[in-house]
There are 2 protein chains.
Amino acid sequence: MTQQDFPASPPPTMADVATRAGVALGTVSNVLNAPEKVAEATRARVQRAIDELGFVPNRAARVLAAGTSTTIGFVIVDLANSFFLDMARGAEREAERQGMNVLIGDSDLRIEKQRTYLRLFDEERAAGVLVAPHPDTDEDVDRARARGRRIVVVNGHSGLAGCSVDADNELGGYLAARHLIETGRRRLLFVGSRTGVPALEDRARGARRAVAETNGAVVLSLRETSRVRAEHGREVGRELATVSAGRRPDGIVAASDLLAVGIIEVLLASGVSVPAEVGVVGYDDNRAAWDSALPISTVAQPGTEMGIAATRLLLEELRSPQTHRHRHIVLEPRLVPRESSAPANRHPR
Amino acid sequence: MTQQDFPASPPPTMADVATRAGVALGTVSNVLNAPEKVAEATRARVQRAIDELGFVPNRAARVLAAGTSTTIGFVIVDLANSFFLDMARGAEREAERQGMNVLIGDSDLRIEKQRTYLRLFDEERAAGVLVAPHPDTDEDVDRARARGRRIVVVNGHSGLAGCSVDADNELGGYLAARHLIETGRRRLLFVGSRTGVPALEDRARGARRAVAETNGAVVLSLRETSRVRAEHGREVGRELATVSAGRRPDGIVAASDLLAVGIIEVLLASGVSVPAEVGVVGYDDNRAAWDSALPISTVAQPGTEMGIAATRLLLEELRSPQTHRHRHIVLEPRLVPRESSAPANRHPR
DNA sequence: TTGAAAGCGCTAACAA
DNA sequence: TTGTTAGCGCTTTCAA
């Protein structure tokens, strides 16, 4: 275990391999890219030279010469949210199946970092790009698309000039609200609505539809929040705790699990019983929200499926650019009932 | 919003920019890489041409010509484990500070995928590579290093010929065991030991040290498991549930949070009270383990700091290859006491 | 300060 | 089946 490294000699090139194997440069290239064009004996000899030299082809040169890459970039708004990680998993699985690689850039909720990675993949001439975008901006994606980059937007905003894959947020909101209604709640509150964020608007709309189906037996109000993290939930929780029980909502649809966590935390601390007095349903089935002492009912998003679908769309577009028509795929979420919305007539724990 | 894309004309090159701006190719390159060498008027003219054309430099060509890249690859064994995600976050933050980019390859616990990504970054001639490796293999990393690739191993195995950053697992095991002893436990069990996995051996050794300090007042036994996921914990839990209370361990150090989750789940379901009868401490502070109804005490790993340290080591090595001496950095974990190990004389909830 | 030209390592078309 | 060669788009001398 000596400290001395091998001298940093430049890595061997194809020319080195060719010399060593006593063949022409093009033959080495063929051994790598079209082995069937090379006689078995030659192939073996070249392969030996490759192994002996530890030759690793230079991808930059390959991309430059061939003008194509096998790398797909995935720009992800927030890897800590397991919904997005599921997408990445799905994308990688599908890409691998089709002989491509996925590299992940984590925007970490920052618009500048999203821009940085979009730009990076653009400069690298990635075959194509998947983006789970920051909610507050389309422009970077639009700009890259205008420059001819192939981009599929996952969980983004519709109406863009390209393929996209989304979850059915209207249905998710509907499922959550209907579940609360079915478990006996009559005064619903949707927390986390925000005009201008289509996903949240859709969820609120779905909740409204479920309420409308009751023909007035159930009422719904909306509460905006600036963001959808736990701290914003706590703020809402504090408000609710001051309301008299008779006027307080008895069913809450939160726009995210973390929001739900915050609300529940404060309610419980204030002596309001969840789910007996107030039922709460979150959104995302975020693993980071499983923190809560009380398991949170939630609407699980089809993350893995979305990643797979997006990758398929992208590869389809890359492989037949002329016949390709942009598509907009919508996948369905799934209600996951847990403790936080258990029926009021049941005694939890 | 027409379906018609812009015709897929090839992206503009530096030559196009040069022509449009009426300057030479090299001048455009200088505007991008050494603006101070170009007269202001020329610079502005070139910049205008760049903007008008929507020129994005081709990184493959740049890497090829310059022989250097600004991209760092990070091969991560399991992104779903928030410990590793924290490392990625740390690495990105530090890399960004130093003008580099980090791209993530998720091995997803599979050795072949780790190999694929190592190879990919090698082919791309990434400036350097960070690896949080799969526990069962060094060889791929060793091989790449032998070929002269600069690699820093994070949370890996020591004794490798290069820089590395690790958490102090011995200390972690010590902290967990001492905490249990201080909260009144006398018969400790370390679950998840496995010979051949240094991190786990170290934690067990730390636990042993804490017990040794009691001069016989506390005893420790070890229980191996094949893996450290929740299912393996459940198996152990079932065994413990059949043991009479007087002979059962009253303090458990689990090698992972998920292991702890599984153990606790079965114990509670079997009527064994946690933490009153058995105190449990997990390891990792994994967000995915916050699922548990009972918040798990744990040893939190310094993930972010490890990512930062690893990136610093890598960049230091890249920037001064000759004077560089490999280093092995060890960072300290931190005990996070929660419900699962609350003192026996306290009545939880 | 700007321009011209020689590669960087590879692919692919064509010749032998 | 194998060899030859012209680029791919950029950086980087070296001259002008």
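Residue numbers start from 1 in every chain, and the chains themselves are labelled A, B, ... in the order their sequence lines are given, proteins ahead of strands.
Under the side chain to side chain donor-acceptor pair (under 3.5 Å) criterion, A:S29 pairs with A:N33, not counting sequence neighbours. Residues that satisfy the side chain to side chain contact (heavy atoms under 4.5 Å, CB included) test with A:A310, not counting sequence neighbours, are A:L130, A:V152, A:V154, A:V165. Taking A:E139 as the reference, A:R115, A:T137, A:R143 meet the side chain to side chain contact (heavy atoms under 4.5 Å, CB included) condition, with sequence neighbours excluded. Scored by the side chain to side chain donor-acceptor pair (under 3.5 Å) test, A:R20 finds A:E52 as partners (sequence neighbours excluded). Among residues two or more places apart in sequence or in another chain, the salt bridge (charged side-chain N to carboxylate O under 4.0 Å, His left out) test is passed with A:R125 by none. Residues satisfying the side chain to side chain donor-acceptor pair (under 3.5 Å) test with B:R149, not counting sequence neighbours, are B:D122. Qualifying side chain to side chain donor-acceptor pair (under 3.5 Å) partners for B:Q47, counting only residues two or more places apart in sequence or in other chains: B:D51. For B:E96, the side chain to side chain contact (heavy atoms under 4.5 Å, CB included) criterion is met by A:R110, A:K113, not counting sequence neighbours.
Contacts classified as salt bridge (Lys or Arg N to Asp or Glu O under 4.0 Å) and involving residues 69-85 of chain A (residues at least two apart or in different chains) are given here: A:D78-B:R89.
In the 5' to 3' direction, nucleotides of DNA chain D lying under 4.0 Å from heavy atoms of chain B begin and end at D:dG9 to D:dT12.
For the residue pair A:R59 and A:T70, a side-chain donor N or O sits within less than 3.5 Å of a side-chain acceptor on the partner.
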TODO: Assign a letter to each nucleotide of nucleotides 1-9 of chain C from its 5' end: B, base within under 4.0 Å of a protein heavy atom; S, sugar-phosphate only; -, no contact.
DONE: SSB---BBB
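For the helix from C:dT1-D:dA16 to C:dA16-D:dT1, the rotation axes defined at the first and last 5 base pairs enclose an angle of 40°, given to the nearest 10°.
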